[in-house]
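A short worksheet on the structure shown next.
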Amino acid sequence: MTAADPARQAQPAHSPSPGEVASRAAEVRRNWLLSTPALTLLFLAASGPLLVVILYSVLTPGEYSGVVWELSGDAWYRVILHRDIFDDTVSLADAHLRIFWRSAKLSLLTTFVALIIGFPTAYFVATRPPQQRTLWLFLITIPFWTNLLIRTFAIMEVIRNEGIVNSTLMSLGVIEAPIQLLYTDTAVLIGMVYVYLPLMVLPLYASMERLDFRLVEAAYDLYATRLQVLRRVIIPLVKPGIIAGSILVFIPSLGAYVTPRVLGGGKNMMLGNLIELQFGQGRNWPLGAALSLTLLVIVMIALLVYVRNVSRSESRG
Amino acid sequence: MSWKLGGALSALVLLASAGSGMAEGELNIYNWGNYTNPELIKKFEEAHKVKVTITDYDSNTTALTKVKAGGHGFDIVVPSANYVPIFVKEGLLLETRPDQMPNFKNVDKKWVDVSWDPGRHYTVPWQWGTTGVAVNTKAYAGDPNTSAIFLDPPKELVGQVNVVPEMADVMALTIMYAGGKPCTDDKDLLRKVRDILTAAKPKWRSMDYGMTEKLSNSDVVATVNWNGSTFRARLKNPTVVYGYPKEGYPVWMDSVAVLADAKNVENAKLFQNFIMDPENAALISAFARYANGIAGSDKFMPEEMKTAPEIVVPEAYKAAGTFLPTCPKATQDLYTAIWTELQK
């Protein structure tokens with residue numbers, strides 16, 4: 001886009017003097033030097049463990065957990081294919097596929113519900129007078145003060161058979177017997193939406209705060225209905241916030257471990273639980289590592305699709 | 001065997017430093033969660049002027065992995081019977097010769113020549129128990145002494161059953177229910193095991209830990225559970241009963257061992273000797289509600305423990321109990337495959 005900018009192209013070519021070149025080189029050197037600590041840290045803390053995971057995924061599992069230093073492609077084979085332990089027939093690993101699908105489905109649903117609840121919340125906060133907004137934002141971040149595990153157990157207390165929801169409904173006479181909420185997919189959904197909602201509201205708020213409300217007024221002046229204003233003006237303008245929020249909710253949901261474990265009753269595994277099984281009772285670290293990498297690749301593909309879509313819609317706009 | 005975790009999920013290791021006071025030495029104990037009596041620790045600290053730190057784990061695998069990785073700083077670990085040989089084989093334990101310690105005379109003869117540590121050269125008994133089923137008689141009044149409670153639930157319990165997600169125990173219970181021996185690799189039998197489990201699963205409600213609380217407040221009315229946990233639940237909720245599956249059930253014992261790279265070896269040995277004293281062993285049991293292996297500790301135990309049907313195995317069901325061996329890797333893989341298929 002910048003190359004097509006006629007104003008820039010019209011500028012005469014600028015030939016730098018030797019002194020300028022030297023000082024620029026020094027500046028570049030200094031910048032590199034200054035960022036070395038951060039780069040080293042990033043490399044060690046991000047790439048290092050990742051390399052270990054990659055390495056472990058192609059080793060042989062040790063007899064009692066851990067790995068043996070022998071190369072083996074068995075873990076990767078088992079991520080995708082399943083050799084029946086009884087008749088040795090080979091088929092797609094449908095246990096893994098189903099667990100992947102369940103996680104993906106629940107994460108999408110979590111993202112959707114968080115968006116439906118988070119959007120009006122962010123809109124509400126963004127339309128308050130500026131001095132009030134800080135207070136509202138502060139209230140939204142309060143849940144982060146408490147540990148995730150404790151918040152999940154709190155949700156469990158609320159939706160238990162003898163918990164607040166059921167006992168209130170029963171004393172009001174709405175229901176006669178408690179509704180079984182705990183240990184259902186609904187419980188996991190409630191828990192995940194609750195836990196990840198702030199991650200949706202904050203980026204949404206950030207883009208709504210920058211929203212020029214005069215455009216909304218202009219749309220009304222041009223006889224747009226409320227729905228049209230929402231669809232044609234507000235949503236396109238806050239789209240980066242919607243996407244950022246959705247990604248921030250979707251990715252951790254996909255690997256969620258604690259919430260499905262505590263609220264879902266553990267009857268149906270999610271990805272996080274499947275990976276944990278391999279490192280724990282399953283004593284198969286390479287398979288666990290391969291499954292983790294598979295999750296990583298799926299997330300990366302999702303992000304790439306997003307980046308391409310965003311850049312395309314931007315170049316179109 | 002995360003049942004000892006009353007709360008569940010202390011995989012997020014809780015660091016509980018018990019007591020402080022004038023510390024002359026230190027002792028770092030790595031034990032199951034919700035399993036160590038604070039009174040016992042206080043008594044030990046006062047008797048030997050040692051500051052004790054307890055760190056929790058939730059499974060034998062967690063403990064093994066962390067100890068093997070090194071740099072943990074722990075002096076004592078409490079592995080289950082089927083894990084002691086692994087710890088020994090990997091060279092992780094110190095041969096402290098508890099059999100030559102002054103208090104060794106108190107160890108019940110039955111727990112001296114055990115298969116996982118013949119003659120007790122490494123370990124001292126901590127607690128032992130059984131894995132069976134717990135049923136709330138308000139929900140089901142029939143005979144609880146069968147694995148059919150969770151493998152073929154009576155119609156009152158369909159959709160109400162919990163199964164603790166402890167692979168080794170659940171597989172062992174099911175294998176014995178199907179007529180096999182724990183750690184079998186007989187494919188025909190394992191096929192039967194898989195079919196029994198997959199047919200039973202739709203009749204379960206959950207696969208979760210933390211049954212002490214959930215049985216107490218009637219959130220769960222039928223579950224696979226451990227005897228001590230069921231006992232603790234019954235003390236709060238008298239309608240809970242413990243069943244010994246007549247088809248066969250696992251017996252386990254956790255033993256106290258000193259790590260090869262322990263920094264406070266002398267204090268650790270003192271602790272091993274200390275808990276073989278009947279009065280101290282009784283303190284261990286009074287807290288977690290499992291039996292210990294020390295003769296003469298009964299007379300220091302709370303009254304309700306001496307006759308508890310969860311602790312004193314009834315004569316009729318004694319023969320059905322089996323110690324779980326450590327399964328070979330190949331067999332373990334078969335079990336994991338069945339387990340994953342079950343939870344897909």
Side-chain angles (χ1 to χ4, degrees), chain A residues 60-66 68 74 78 82-88 93-102 147-150 152-153 156-157 160-163 178 180 182-184 187 257-258 261-270 273-274 276-285 287, chain B residues 2 7-12 58-62 64-65 68-69 83 85-87 89-90 159-160 162-168 171 185 187-188 190-191 194 201-202 204-210 214 217-220 326-330 332-344:
Chain A
T60 310
E63 187 160 359
Y64 312 110
S65 82
V68 178
D74 192 47
R78 286 170 61 168
H82 166 76
R83 187 186 291 121
D84 193 278
I85 54 168
F86 299 116
D87 49 26
D88 275 339
D94 76 314
H96 293 169
L97 290 178
R98 277 209 217 180
I99 292 166
F100 268 90
W101 172 234
R102 177 180 303 125
N147 178 289
L148 169 68
L149 196 58
I150 294 169
T152 312
F153 273 102
M156 185 167 113
E157 278 305 304
R160 269 181 46 200
N161 282 1
E162 289 164 22
Q180 181 67 41
L182 193 59
Y183 301 143
T184 60
Y257 171 74
V258 170
R261 174 78 178 269
V262 174
L263 298 176
K267 209 175 127 184
N268 297 311
M269 269 196 254
M270 298 267 285
N273 313 81
L274 177 65
E276 190 263 355
L277 174 69
Q278 307 307 331
F279 283 100
Q281 298 182 44
R283 299 195 217 150
N284 195 337
W285 288 22
L287 181 56
Chain B
S2 324
L9 285 186
S10 74
L12 311 169
D58 66 342
S59 74
N60 283 306
T61 342
T62 310
L64 176 65
T65 311
K68 232 170 115 175
Y83 269 73
I86 304 179
F87 273 88
K89 210 170 113 194
E90 302 267 323
Q160 307 277 318
N162 177 70
V163 173
V164 285
E166 199 60 44
M167 188 167 90
M171 286 300 292
D185 56 358
K187 292 274 172 76
D188 291 329
L190 286 178
R191 190 194 298 265
R194 182 201 53 188
K201 192 192 162 197
W204 302 346
R205 176 192 288 166
S206 54
M207 293 177 75
D208 201 5
Y209 292 119
K214 286 173 187 130
N217 60 25
S218 300
D219 264 353
V220 166
T326 314
C327 303
K329 173 79 187 147
Q332 185 74 20
D333 281 349
L334 295 178
Y335 292 4
T336 313
I338 295 176
W339 192 250
T340 311
E341 201 179 322
L342 181 68
Q343 289 182 286
K344 72 185 174 190

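Residue numbering restarts at 1 for every chain, and letters A, B, ... go by the order of the sequence lines.
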Please report the interatomic distance CZ(Phe279(A)) to OG1(Thr65(B)), rounded to the nearest 0.5 Å. 10.0 Å

Only pairs of heavy atoms separated by less than 4.5 Å count here; which of Asp188(B), Leu342(B), Leu64(B), Asn217(B) has the most with chain A? Asn217(B)

Distance (rounded to the nearest 0.5 Å) between Ser218(B) OG and Asn161(A) CG: 10.0 Å

Rounded to the nearest 0.5 Å, what separates atom NZ in Lys214(B) from atom CZ in Arg160(A)? 9.5 Å

Between atom CG of Asp208(B) and atom CZ of Arg261(A), what is the distance when rounded to the nearest 0.5 Å? 7.0 Å

Pick one of side chain, backbone, both or neither for Tyr335(B), based on which atoms fall under 4.5 Å of a heavy atom in chain A. neither

Does some side-chain heavy atom of Gln278(A) sit less than 4.5 Å from a side-chain heavy atom of Thr336(B)? yes

Counting only heavy atoms closer than 4.5 Å, note whether Leu274(A) contacts chain B via side chain, backbone, both or neither. side chain

If we define contacts as heavy-atom pairs under 4.5 Å, which of Met167(B), Lys187(B), Lys68(B), Arg205(B) has the most with chain A? Arg205(B)

Please state whether the side chain, the backbone, both or neither of Thr340(B) comes within less than 4.5 Å of a heavy atom of chain A. both

To the nearest 0.5 Å, what is the distance between CD on Gln180(A) and CD on Gln160(B)? 7.5 Å

Just to verify, what does Thr61(B) make a side-chain hydrogen bond (donor to acceptor under 3.5 Å, both in side chains) with, not counting sequence neighbours? none

Tell me, side chain or backbone of Trp101(A) under 4.5 Å from chain B's heavy atoms, or both, or neither? neither

For Lys89(B), what residues pass the side-chain hydrogen bond (donor to acceptor under 3.5 Å, both in side chains) criterion, not counting sequence neighbours? Tyr64(A)

Closest heavy-atom pair and its distance - Pro202(B), Lys267(A): O-NZ, 4.1 Å

